[in-house]
Amino acid sequence: MARDGDAGMAKASKVQRQKKKKNKENKTRIVHANILYDFAKGEENPNGHYANNKIKTTKYTVLSFLPKNLFEQFHRFANVYFVFIALLNFVPVVNAFQPELALAPVVFILSVTAIKDLWEDYRRHRSDKEINHMDCLVYSRAERRYVEKYWKEVRVGDFIRLRCNEILPADVLLLSSSDPDRLCHIETATLDGETNLKQRQIVRSFFDLDCDFNPMKYNSIIECEKPNNDLNRFRGYIIHRSGKRDALYKENLLLRGCTIRNTEEAVGIVIYAGHETKAMLNNNGPRYKRSKLERQMNLDVFWCVIILLVMCLFAAVGHGLWMFQYRDKRPVFDVLSPEGTDLSPIMSAIYLFLTMIIVFQVLIPISLFVSIEIVKICQVYFIHQDMDLYDEETDTHLQCRALNITEDLGQMQYIFSDKTGTLTENKMVFRRCTVAGVEYSHDANARRLAMYQEMDSEEEDCMSHGGTLPRRDSVTSHHSAPVVLRSQSTKSHRRTGSRAEAKRASILSKHTAFSSPMEKDITPDPQLLDKVNECSSQMDFMRFHSQPMSQLPSDLSDIIDFFVALTICNTVVVSSPNQPRQKVRLRSPVKVALITNRSSNKGCSSMLSSPSAESTLTKLDEEQPRRGLEHSFSSTPPCYDGKALGLEESELRYEAESPDEAALVYAARAYKCSLVGRLPDQVTVELPHLGKLSFELLHTLGFDSTRKRMSVVVRHPLTDQITVYTKGADSVIMDLITPPNTGKRQKKIVCRTQNYLNLYAADGLRTLCIAKKTLSKDEYACWLQRHLEAETAIQGREELLFESALRLETDLHLLGATGIEDRLQDGVPETIASLRKAGLQIWVLTGDKQETAVNIAYACKLLDPEEEILTLNEACALLLEESLHYIQAKYLCSSTEQSAKAIHTNFPPFEIYPSSSPSSHTVPFMVHRLGLVIDGRTLAYALDKSLEDKFLAVARSCRSVLCCRSTPLQKSMVVKLVRNKLKVMTLAIGDGANDVSMIQVADVGVGISGQEGMQAVMASDFALPRFRYLQKLLLVHGHWCYSRLANMILYFFYKNAMFVALIFWYQFYCGFSGSAMIDQWYLIFFNLMFSAFPQLITGTLDKDASAETLQQLPQLYMTGQNSEEYKPYMFWMNMIDAFYQSLVCFFIPYFAYADSDVDLFTWGTPITTLALFTILLHLGIETKTWTWMNWLFIAFSIALFFTVALCYNACCPTCYSPSNPYWTIQRLLQDPLFYLLCVITPVTALLPRYFYRACQGTLFPSPVQVGRQLDKLPAETRKNILSLSRVKMGSPLSAKPPFLFFLLLNRYFIFWMFKAKDISEVWEMVNWNICHTCFFGGMVLFYKEASQLDQDQRGDIPLRVY
């Protein structure tokens, strides 16, 4: 029994180990070299079950298209409904039309959608085919060389040789590079939009190969993470036959879609292929959402179903009663059951109920959904064609990535914006600095920036646009002239992923990131330049006389260390201008010595551009003689590959990964401290008087969002000391500085530097602190040993690396700080002011420090100097709750007290209606002239469940909200809180990866294709080149899209109800039998063909106001916010109007042909004709802008109807017996009564609507109608009137028309009349104005002659736009 128990335990243990192994395999991927399994079949190849590299973005195949497309279309309830109705018509007992004919509309609608889907899929198929058939070099074991293969033939585990300017076909682990430094430079423009070069390193184990990489000698196994869409993460191990494991990082991985630069050849092994690559996993394609208008429309569709059922039930009850009155005496025309027996009244009523559903099916607009799709596609096309939304500098258009929510752009209520890169350029310009407690204002540099602004205003057509911020009291906008640096050796892009990618790659590769003249040409401060020269001169003297550098005065030592840190504490790549993508390479004795003494166990650390930690440790352990100073200086000028000797450092170009790095390197170069070369283990710097110095790079701790700093560990060439240079955010660095009690000088420097940091932040500058630390050899060796253990740890590696970095970056010596200006984008203040007038609440969510964010907010007019600023910086939730309670008690009291307080404090509030949707019953709240500023720590407390309601109550009542130091998660939580709690429409706009979550949470997400790449664009619904384009996108295109679709949907409901009601009235005269006096051809094709085209034109081209008026009067945007174009009562008003018009169109012909001998269709055809005329004229009344296309398609619809009628009535005498429509329309066209009906009936039917529109537009015009009248005025007159309107944001907001607006229009009435060209224009003006004059007759004495209106008088008349 014991043995059995032991055996059972062993078996269970074995099963458990197998499960653990299986779970581990499910979490990781194991990659073997394919050349070892060339002849393996099926499952014998361990890589066989991984995805191949063939890309297929199409949804269908030849066989699956029809069933799959129909399945997708039937996900729409409306399509299922219409198919059900068509199939119901095949049942003989309840059919109302010929079954084949009834099926025609459904087949047509499904076919149109299917053809559209097929065309889109075919375009994707062509793009896929082009990508899959590009060639690359794959190693073949049979031929012992690299052979060309198509991309689609590449498999996981293949060895690929990559050439310069070639785009990567898959995600490849870098194993070899022709670069002597074992680096490979890539450009990720086609992947994330970033134009700067990035360095990638070969795997550590292959770092010291003395010969070319031979795939046949490869015998390692790679274990890495499963495919995922995180572009900034890659973790894994490479396991060699000896059992040694080397860690793999993102620096070792080349991603599909990137372009090889600066490297003649590289070799790698494919890790992820095809749809498992990170690029493909990030490519989600266009996003589809349901708009607010569509949700409202679905509710009205439901009401249409209710109306349909009520009408069918009424007809069924009527038919049952009609049948019941005959009792046993059956009428001779009664229809028997299929068995030939009589039907009971109840069964007859039930059958008729189903028949009436078929007859009245048109009440549910079958063509509405397809028409909406067509109109939205046309709207997107016209938005794309708007040249005002095209940015010439970046050669980018607006992108619409979500096709279904264009109308939501016209209903936005809250905008959440990032700051850096969205409101600002993200092009950093060095402005000021402080070194060793002394501030250098760089006044000459400020004058240089002002000169750029003057140049920009004079030559705006050839300059780029941006913004700069000197100080809060003198906010101006500075611009710079772009210098497009184009590559002279850009090769053909025959290997690009697609034509679009190739085009974008070719454009972006010609630019060098962060290198405009404004960023590069920095004017040094004379005082600081003199000190740098003095320091360099003394160091040169000490070097010549072999004196120790420790004798250098501490203030001068800090200055030279400050600029050395600016120069080397970065990842900047140096390139030459003639070949901008070719790296500058130094050949110096120092480099030769380093290569000679390099340890055999070389590699790369986890951080970018760091030499092997193991190698560094080995060298530290070895006893080496102290290097003389001659090893630190080149006795001969350095040589550059492919260049003549003596290349000037000013000709070098810097490829930076961030604009901050570029700004600091260019600033150091202005003081003759230039970065001239970078190798994996060496950075070469040229200093004045000292020449070129080579710093041995021991380690690099890269910047990350958690640490908010970067450090480099170098061996100083002058002192031979191991020095740590650190730069980072002041909020982090100042906490890592050596305690001030260590010395008076350091305490004084820290105190002064902090004061200058506060001043820089007050000026809206981005601040960075620079510090250093000197380590002994033993201290560094100890740290390096522990850091190496952290790097190779399996569990908790990230936490261990963070702790290791923290151990190194403590007790720092503060050198100084810099102030970098992130210039405002052109037009940002004007755009924010305009959006504010449109009733939009704008919140800025940024990760910057509070002082910087506040001053940028003042510069872009988010905050107003007249506003009272509420600042929430609380240390705990309890204090925050008390602060919120105090603010509510002081500012958010009752409305009467509030108004009194507003008058007393000169901060008048105004009302905001958050939502007018049926589901929202929120009362209007008051928005004060207050600004709220909250930091990230306090925001974390505010977003807690217990405080979020109080925080939201305060925030919604403030005119401006600014969240500082907020994390990406906090940004998304704020947007979600406002959207869900207030039930408002939200828009989020940003440009970086940290904005993605916020963009995805909002109702509409907008990405800025800026300097931080394309991550935000890829996650967005719309992509803009600049923030200023948001104004026209919302105020013009958003307003138009909403207005057009809202009116088109209401028109559809009216049109279908009006046509169906004609048949309903006839049921009273046919015993509710389901018969129709209209021919079934007309019933089927009336909505589908005869009346379909004009409404598509109106829905696409109609403009209720011009673009100029909508932008000059942003208050007109509020009509969309309040859903004034589509309110619930409008649906019912249209239904009532439809039933009235149907009564007129039915009974006027009925009485006209009463007691005549005309047949049924001779009476029914005029009703159809009159209904068509009435519907088209109704559309004419609702059309705001008439174009030649409106006239053309209305005429086309009428001509199409008569053409079909003439042909049908002439060619089909007995098509559907016993019907006989033969020659009906021909006889009617010879009857004068028919023409009389065509005049009287539409006029009578449309008279109430026309009268309502005339009275409403004259006596109680909406703001949009007033704006439309402005469009009819001469340009100069319109300009004068608009100049009178000085809108104040403190004005009350209401839905009523502005009183003073009419006064202003009347003041110009006499002037317009005398400027009229003929009597018709005068009569139109008098007719339009007469009611205004009567209505405001009491104000006649207020009128003045137009000639007396000058600028001063106009300025005295404020306009409060509602």
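Under the side chain to side chain donor-acceptor pair (under 3.5 Å) criterion, Thr726 pairs with Ser711, sequence neighbours left out. The side chain to side chain contact (heavy atoms under 4.5 Å, CB included) search around Arg752 returns Lys748, Tyr756, not counting sequence neighbours. In this structure, the side chain to side chain contact (heavy atoms under 4.5 Å, CB included) partners of Ala805, at least two apart in sequence or on a different chain, are Leu701, Arg707, Glu809. The side chain to side chain donor-acceptor pair (under 3.5 Å) test applied to Lys727 returns no partner, not counting sequence neighbours. The side chain to side chain donor-acceptor pair (under 3.5 Å) check on Asp540 picks up Arg543, with sequence neighbours excluded. Residues that satisfy the ring-ring contact (aromatic ring centres under 6.0 Å, His included) test with Phe695, not counting sequence neighbours, are His716. Residues satisfying the side chain to side chain donor-acceptor pair (under 3.5 Å) test with Lys773, not counting sequence neighbours, are none. Contacts of Glu439 classified as salt bridge (charged side-chain N to carboxylate O under 4.0 Å, His left out), with partners at least two apart in sequence or in another chain: Arg432. Qualifying salt bridge (charged side-chain N to carboxylate O under 4.0 Å, His left out) partners for Asp561, counting only residues two or more places apart in sequence or in other chains: Lys772. For Ala817, the side chain to side chain contact (heavy atoms under 4.5 Å, CB included) test picks out Thr434, Thr753, Leu757, Cys769, with sequence neighbours left out. A search for ring-ring contact (aromatic ring centres under 6.0 Å, His included) contacts involving Phe541 returns His545, not counting sequence neighbours. Annotation: side chain to side chain contact (heavy atoms under 4.5 Å, CB included) contacts of Asp811 (sequence neighbours excluded): Thr738, Pro739.
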Stepwise, does the side-chain contact (heavy atoms from CB on, under 4.5 Å) test hold for Leu759 with Asn755?
-> CA-CA 6 Å; Leu759 291 176; Asn755 292 334; 5.7 Å; no

With side-chain contact (heavy atoms from CB on, under 4.5 Å) as the test, would you mind laying out the steps for Leu808 and Leu775 before giving the verdict?
-> CA-CA 9 Å; Leu808 183 70; Leu775 297 176; 3.5 Å; yes

Stepwise, does the side-chain contact (heavy atoms from CB on, under 4.5 Å) test hold for Gln825 with Leu423?
-> CA-CA 6 Å; Gln825 289 186 20; Leu423 303 179; over 6 Å; no

Worked verdict on Gln754 versus Met734 for side-chain contact (heavy atoms from CB on, under 4.5 Å) = CA-CA 8 Å; Gln754 185 61 61; Met734 297 301 283; 3.5 Å; yes

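Side-chain contact, Asn873 with Arg965: no donor N or O sits under 3.5 Å from an acceptor N or O. Checking Lys531 against Tyr671 by side-chain atom types alone, no donor-acceptor pair falls below 3.5 Å. Side-chain N/O atoms of His813 and Asp558 include a donor and acceptor closer than 3.5 Å. Under 3.5 Å, the side chains of His787 and Ser804 contain a donor-acceptor pair of N or O atoms.
Note that the CD atom of Gln682 and the CG atom of Leu693 stand 11.0 Å from one another [nearest 0.5 Å]. Here the straight-line distance linking atom CZ of Arg786 with atom CZ of Arg807 works out to 4.0 Å at 0.5 Å rounding. The distance from the SG atom of Cys433 to the CG atom of Leu566 is 8.0 Å, given to the nearest 0.5 Å. To the nearest 0.5 angstrom, Cys751 atom SG is 11.5 Å from Leu814 atom CG. Atom CD1 in Ile722 sits 10.0 Å away from atom OG1 in Thr719 (nearest 0.5 Å). Rounding to the nearest 0.5 Å places CZ of Phe430 at 10.0 Å from CG of Leu765.
Judged by distance alone, the side chain of Ser537 and the main-chain N or O of Asn533 form no donor-acceptor pair under 3.5 Å. A distance-only check finds no donor-acceptor pair linking the side chain of Asp720 to the backbone of Pro717 [under 3.5 Å]. The backbone N or O of Cys782 lies less than 3.5 Å from no partner atom in the side chain of Gln785, so there is not a single donor-acceptor pair.
Taking the ring centroids of Tyr666 and Tyr654, they lie under the 6.0 Å cut-off.
Glu686 and Lys692 are joined by a salt bridge, as a carboxylate oxygen and a charged side-chain nitrogen come within less than 4.0 angstrom of each other.
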